[in-house]
Amino acid sequence: MLYLGIDLGTTYSLVAYMNDHGQPTLFPDYHDANEFRTPSVVHIGAEGCYVGATLEGILDDEPELSQARFFKLQMGKPAAVYQDHLQRTWWPQALSALVLKKMLHDVEAFAHDEIGGALITVPANFNDAQRRATREAAQMAGLTHVKLMDEPVAAATFYGLNRKGAEQTLFVYDLGGGTFDATVLQAGDSGLYSLATEGSNQHGGIHVDAMIMDFILDEYQRQHGIRPNDETSLMILRRFAHDTKLALVKPGKTRVGKTFLLGGKSIEFVLTRELFHQMIEQFIDDTIAVCQRCLDAAGLDWSFVDTILLTGGSSLLPLVPEKLARISGRPVDQLVCKQPHQAVAYGAAILAAQQFGGGGAGPKLQSICAYDLGIRVMGKDQQPTVKVLVAKNTPVPASARMTFYTNRADQTRLIIEAVQQRDTSTGLEENSLGYFAFAIDNPRANYPLEIELAYDLEGLVVITARDPETGRQIRQLMDAQTEAMDNALLAQQPWVEAMRINP
Ligand SMILES: Nc1ncnc2c1ncn2[C@@H]1O[C@H](COP(=O)(O)OP(=O)(O)OP(=O)(O)O)[C@@H](O)[C@H]1O
Ligand SMILES: [Mg+2]
């Protein structure tokens with residue numbers, strides 16, 4: 001049996017397994033045995049569907065070809081992010097499913113065993129809808145035995161592979177293509193326990209690329225008096241900005257100067273490393289602030305941290321270790337950065353073998369939830385507010401129960417809306433999980449309803465509503481079926497039928 005660890009990334013996706021020597025190993029691309037990453041990019045046209053490196057190769061010659069990228073960032077949003085040649089629209093999970101299918105094709109080409117399970121990693125800061133969309137993608141790709149796991153847990157697992165011994169506090173700084181996670185874990189022979197996690201969906205390599213794009217566009221404007229904004233020009237520019245970044249971070253490189261054609265005009269620019277660092281300084285500082293919040297949430301300071309682990313391709317930006325060293329008060333060479341591109345996939349392969357193959361053997365794993373989980377209720381002042389039942393950073397699985405009451409005596413149903421929320425640097429981020437209705441057969445004042453909110457092991461939410469008088473119960477996953485009900489309910493102003501905390 002083959003157990004797969006899959007890093008389904010914003011920019012690159014990887015698939016790994018444990019070889020006969022107990023080492024995590026990546027599967028190569030079907031068409032190129034030297035390529036071990038699949039760029040997460042999809043094109044669907046009359047001639048077929050192209051995914052990954054093959055498509056990147058075609059784009060070198062045909063940059064105007066339609067393409068879907070970075071759809072991981074849209075996961076969980078009920079919206080089309082790509083239109084194919086037949087004007088069919090594609091949701092992010094369907095595109096992710098195509099990336100998964102492509103990788104399964106790679107696996108089939110190299111392995112002879114049957115797939116016994118796949119462990120797919122997600123950012124620790126993925127909410128319920130994002131996790132659910134990832135599961136849907138796996139299902140669409142035909143994977144039957146699937147587990148989700150937080151990316152920093154996978155990275156920490158890989159770090160711990162050959163490192164048995166004393167308990168230690170690990171800090172994982174994971175700056176990837178589109179997301180940033182900061183996580184504190186307790187690691188040792190007894191297991192791996194997450195203590196706190198914080199993150200941002202606005203911090204990743206693509207955001208750095210966007211800053212370079214803006215810089216080049218400003219230069220273009222100065223030289224030609226206009227700013228190209230057609231899709232093809234922007235796609236060409238994005239790839240160019242990305243290459244410029246990778247050139248600039250090479251050791252010893254102090255400047256990149258280039259001339260190229262864009263929108264039919266030639267553009268010339270020079271970007272020094274110094275200016276590049278000025279450009280991204282605030283951005284890196286933002287990630288450091290997230291780290292600080294994460295430590296605060298765990299009730300720790302840097303002196304408690306034994307090991308700082310850097311992972312994700314963007315953690316190779318030279319400013320990252322520099323700033324982390326400064327804030328943590330330890331030398332740069334004490335920061336650990338081991339195969340930052342592959343660490344998550346390798347860790348996923350180790351965990352997949354343990355969880356699907358080892359019959360539950362292996363160290364204990366304890367994840368936490370990245371969001372407060374609560375219910376929208378009518379507050380004292382008759383204003384909607386969120387009553388939190390499970391607080392962020394609680395170990396999962398977790399559940400909490402509370403009794404709520406009808407708002408009016410003639411209320412024939414209660415609308416239940418579950419909400420995930422967390423504080424970010426820009427304020428309170430709130431994600432509604434959707435609504436469902438619970439009918440009340442014999443309405444009266446202060447009719448009670450018991451609500452239980454639960455996180456399962458994978459951070460997915462389950463809601464149970466129970467009428468204590470009749471014993472009737474609804475157990476609800478917030479899936480596509482509830483989403484369809486949402487709009488109908490919303491049109492009816494659900495707050496009129498909300499619940500109250502006190503009788
Ligand atoms: N040497 C480097 N210096 C700076 N950035 C780099 C370097 N190498 C790769 N990157 C950037 O790292 C990003 C890809 O990293 P990675 O593969 O870890 O992300 P991902 O897994 O696709 O994204 P996510 O984890 O956010 O879903 C890209 O934005 C890439 O430009
Ligand atoms: Mg990643």
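Numbering of ligands and ligand atoms starts at 1, following listing order.
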Need the ligand 1 atom indices (1-based, order shown) with element for anything under 4.0 Å from a heavy-atom of L317.
3 (N), 4 (C)
Under 3.5 Å, is there a donor-acceptor pair between the K72 and S96 side chains?
no
With no hydrogens and no angle check, do the side chains of Q93 and T134 hold a donor and an acceptor under 3.5 Å apart?
no
Distance-only N or O hit between ligand 1 and R37, under 3.5 Å
no
Can you tell which of G313, G178, A241 gets a heavy atom nearest to atom 16 (P) of ligand 1?
G313
Where ligand 1 meets K72 - atom numbers and elements under 4.0 angstrom, heavy-atom basis
24 (P), 27 (O)
Nearest non-hydrogen protein atom to atom 11 (C) of ligand 1, with distance, is S314 OG, 3.6 Å
How does T10 reach ligand 1, if at all, at less than 4.0 Å between non-hydrogen atoms: by side chain, backbone, both, or neither?
both
Give the residue and atom name of whichever protein heavy atom lies nearest to atom 21 (O) of ligand 1, and the separation in Å to one decimal.
G9 CA, 3.6 Å
Smallest separation among heavy atoms of T311 and P340, with atom names:
OG1-O, 3.4 Å
Does a side chain donor of either N127 or R422 reach within less than 3.5 Å of an acceptor in the other side chain?
no
Has Y220 got a side-chain atom pairing as donor or acceptor with L262's backbone, closer than 3.5 angstrom?
yes
Atom 29 (O) of ligand 1 - nearest protein heavy atom and its distance:
G205 CA, 3.2 Å
Say whether S66 and Y82, considering side chains only, have a donor N or O and an acceptor N or O under 3.5 Å apart.
yes
Could you find the nearest protein heavy atom to atom 19 (O) of ligand 1 and give me its residue, atom name and distance?
G177 N, 2.9 Å
Looking only at protein heavy atoms, which one is nearest to atom 28 (C) of ligand 1, and what is the separation?
T11 OG1, 4.0 Å
Which one holds for L246 and ligand 1: side chain close, backbone close, both close, or neither close, with close meaning a heavy atom under 4.0 Å?
side chain
Short question: side chain of D106, backbone of Y30 - any donor-acceptor pair under 3.5 Å?
yes
Residue pair T169 / Q186, side-chain donor-acceptor N/O under 3.5 Å
yes
I'd like to know whether NZ of K338 has more than 12 heavy-atom contacts from other residues, nucleotides or ligands below 6.0 angstrom.
no
Would you mind listing which atoms of ligand 1 come within a distance below 4.0 Å of any non-hydrogen atom of G312?
18 (O)
Can you report which non-hydrogen protein atom sits closest to atom 17 (O) of ligand 1, along with the distance?
Y12 CD1, 3.7 Å
Distance-only polar pair, side chains of S13 and T38, donor-acceptor under 3.5 Å
no
Main-chain N/O of G199 paired to R293 side chain as donor or acceptor, under 3.5 Å
no
Just need the protein heavy atom nearest to atom 25 (O) of ligand 1, so name the residue and atom and give the distance.
E151 OE1, 3.7 Å
At less than 4.0 angstrom from any non-hydrogen atom of V249, what atoms of ligand 1 do you find?
1 (N), 2 (C), 3 (N)
Between ligand 1 and D174, is the shortest N or O to N or O distance under 3.5 Å?
no
Atom 8 (N) of ligand 1 sits nearest the protein heavy atom H341 CE1, 3.4 Å
